[in-house]
Amino acid sequence: MLASLLSFLSVIARKFTPESIMSAQRERTFIAVKPDGVQRGLVGEIIKRFEAKGFKLAGMKFMKASEELLKQHYIDLADKPFYPGLCKYMASGPLVAMCWEGTGVVKTARVMMGETRPADSKPGTIRGDFCIEVGRNIIHGSDSIESANKEIALWFRPEELTSWTQANDSWIYESNE
């Protein structure tokens with residue numbers, strides 16, 4: 001009995017290396033700089049903040065989204081009175097769709113963005129620093145891992161996302177060795 005338990009633990013230990021545990025903790029999120037953020041020239045600043053935090057860009061598109069794509073993206077808001085205007089606004093100009101990767105990126109990105117209502121956002125957040133009105137809050141970010149997975153699949157084909165290792169990875173993440 002003890003021998004089989006030790007054998008089982010040995011197999012588990014080989015499967016769960018610090019690297020595999022670390023990569024399992026990393027997740028992806030969907031971030032979009034909305035048309036007002038693009039028009040105001042804030043794309044570079046937003047990318048800079050995510051890179052400075054240590055997150056890794058896995059995919060990016062500069063595009064004009066179709067209303068059909070936007071209706072799918074915001075389907076959970078379809079019964080809200082602002083839904084048609086939101087989809088029309090988001091289709092009114094180019095946006096930047098991005099996929100970012102890192103440990104806790106979904107939750108951290110939400111903190112970095114600030115509250116949906118810019119007036120409720122703290123200084124130092126993207127919305128706290130650059131926004132005034134909720135209808136022009138310059139950035140969208142997934143609100144959960146499940147939403148992120150759904151949104152990434154909606155906006156990107158698998159071949160449009162890149163898996164790579166940053167040269168500074170060991171300076172951002174602990175190896176637990």
Side-chain angles (χ1 to χ4, degrees), residues 26-164 166:
R26 295 191 195 177
E27 59 198 35
R28 287 182 167 179
T29 195
F30 176 76
I31 299 292
V33 179
K34 297 178 179 181
D36 55 319
V38 171
Q39 292 292 335
R40 293 179 54 200
L42 297 172
V43 175
E45 175 65 29
I46 291 168
I47 291 171
K48 177 182 171 185
R49 288 181 183 216
F50 279 87
E51 286 182 329
K53 184 69 177 176
F55 294 129
K56 178 173 65 175
L57 187 61
M60 182 168 64
K61 293 181 182 180
F62 180 71
M63 62 187 290
K64 191 162 187 228
S66 68
E67 283 199 46
E68 181 180 309
L69 174 62
L70 293 162
K71 285 178 181 177
Q72 286 181 285
H73 178 82
Y74 289 113
I75 192 70
D76 58 322
L77 302 174
D79 61 341
K80 303 289 185 188
F82 59 83
Y83 175 75
L86 173 63
C87 292
K88 184 178 178 184
Y89 162 68
M90 290 293 292
S92 69
L95 56 78
V96 178
M98 296 178 281
C99 175
W100 287 92
E101 184 178 302
T103 301
V105 70
V106 174
K107 182 179 179 184
T108 304
R110 298 290 295 179
V111 172
M112 290 171 64
M113 290 184 335
E115 301 298 321
T116 301
R117 294 183 181 280
D120 298 336
S121 296
K122 292 182 168 71
T125 64
I126 294 166
R127 291 177 177 147
D129 289 350
F130 302 116
C131 303
I132 296 172
E133 294 191 9
V134 69
R136 299 293 183 266
N137 65 7
I138 73 170
I139 191 168
H140 165 85
S142 303
D143 61 5
S144 67
I145 293 172
E146 295 76 24
S147 293
N149 292 335
K150 181 186 95 178
E151 291 172 352
I152 291 166
L154 182 64
W155 289 82
F156 291 96
R157 294 185 314 269
E159 65 271 13
E160 294 175 317
L161 299 174
T162 304
S163 292
W164 60 288
Q166 288 176 287

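Predicted model only: the values in this text are computed from it and were never measured. What's counted below: heavy atoms across the whole structure, side chains too, no hydrogens, waters or symmetry copies.
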Nearest atoms (heavy-atom pairs only) where L70 meets C87: CD1-O, 3.6 Å
Would you please classify the geometry between the W155 ring and the H73 ring as parallel, tilted or perpendicular, with 30° and 60° separating the classes? perpendicular
How close do A148 and V106 get, counting heavy atoms only, and between which atoms? CB-CG2, 4.2 Å
Would you call M90 and L69 a side-chain contact if the rule is heavy atoms closer than 4.5 Å? no
Check for a donor-acceptor pair, side chain of E27 on one end and backbone N or O of T103 on the other, with a separation under 3.5 Å. no
Separation of E151 CD from D143 CG (nearest 0.5 Å): 7.0 Å
Check Y89 against G135 and note the closest heavy-atom contact, atom names and distance. CE2-O, 4.1 Å
Value for OG (S144) from NZ (K107), rounded to nearest 0.5 Å, stands at 13.5 Å
Only residue of R117, E115, K34 satisfying side-chain hydrogen bond (donor to acceptor under 3.5 Å, both in side chains) with N137 is K34
Of V134, T116, I132, D120, the residue whose pairing with R127 passes side chain to side chain contact (heavy atoms under 4.5 Å, CB included): T116
Closest heavy-atom contact between I31 and A109? CD1-CB, 3.9 Å
Rounded to the nearest 0.5 Å, what separates atom OG1 in T125 from atom CE in M112? 10.0 Å
Results of ring-ring contact (aromatic ring centres under 6.0 Å, His included) for F130 - residues two or more places apart only: none
For a quick test of reading the model, state the closest non-hydrogen atom pair linking L57 to W164 and the distance between them. O-NE1, 2.9 Å
Under a 4.0 Å threshold between the charged nitrogen and the carboxylate oxygen, would R49 count as salt-bridged to D129? yes
Can you tell me how far OG1 of T29 sits from CD1 of I152, rounded to the nearest 0.5 angstrom? 6.0 Å
Can any side-chain N or O of T108 pair as donor or acceptor with the backbone N or O of G104 at less than 3.5 Å? yes
Of the non-hydrogen atoms in L95 and V38, which two are nearest, and what is the gap between them? CA-CG2, 3.7 Å
Should I47 and M60 be marked as a side-chain contact (heavy atoms from CB on, under 4.5 Å) after you check the CA-CA gap, both sets of side-chain angles, and the distance that decides it? CA-CA 10 Å; I47 291 171; M60 182 168 64; 3.7 Å; yes
Which residues pass the side-chain hydrogen bond (donor to acceptor under 3.5 Å, both in side chains) test with E101, not counting sequence neighbours? R28, K56
Within this structure, what is the CE-OG distance for the pair M113 and S121, rounded to the nearest 0.5 Å? 9.0 Å
A quick test of your reading: do over 12 heavy atoms of other residues, nucleotides or ligands sit less than 6.0 Å from CD of E68? no
Report yes or no: does Y83 contribute a side-chain atom to a donor-acceptor pair with the main-chain N or O of K71 at less than 3.5 Å? yes
Going from SG on C131 to CG on L42, what distance comes out if it is rounded to the nearest 0.5 angstrom? 8.0 Å
Can you label the angle between the F30 ring and the F156 ring as parallel, tilted or perpendicular, going by 30° and 60°? perpendicular
Is the distance between the ring centroids of W100 and F55 under 6.0 Å? no
Please check this pair: side chain of E51 against backbone of K48, looking for a donor-acceptor N/O pair closer than 3.5 Å. no
Could you tell me whether R136 and E133 have a side-chain N and a carboxylate O separated by less than 4.0 Å? no
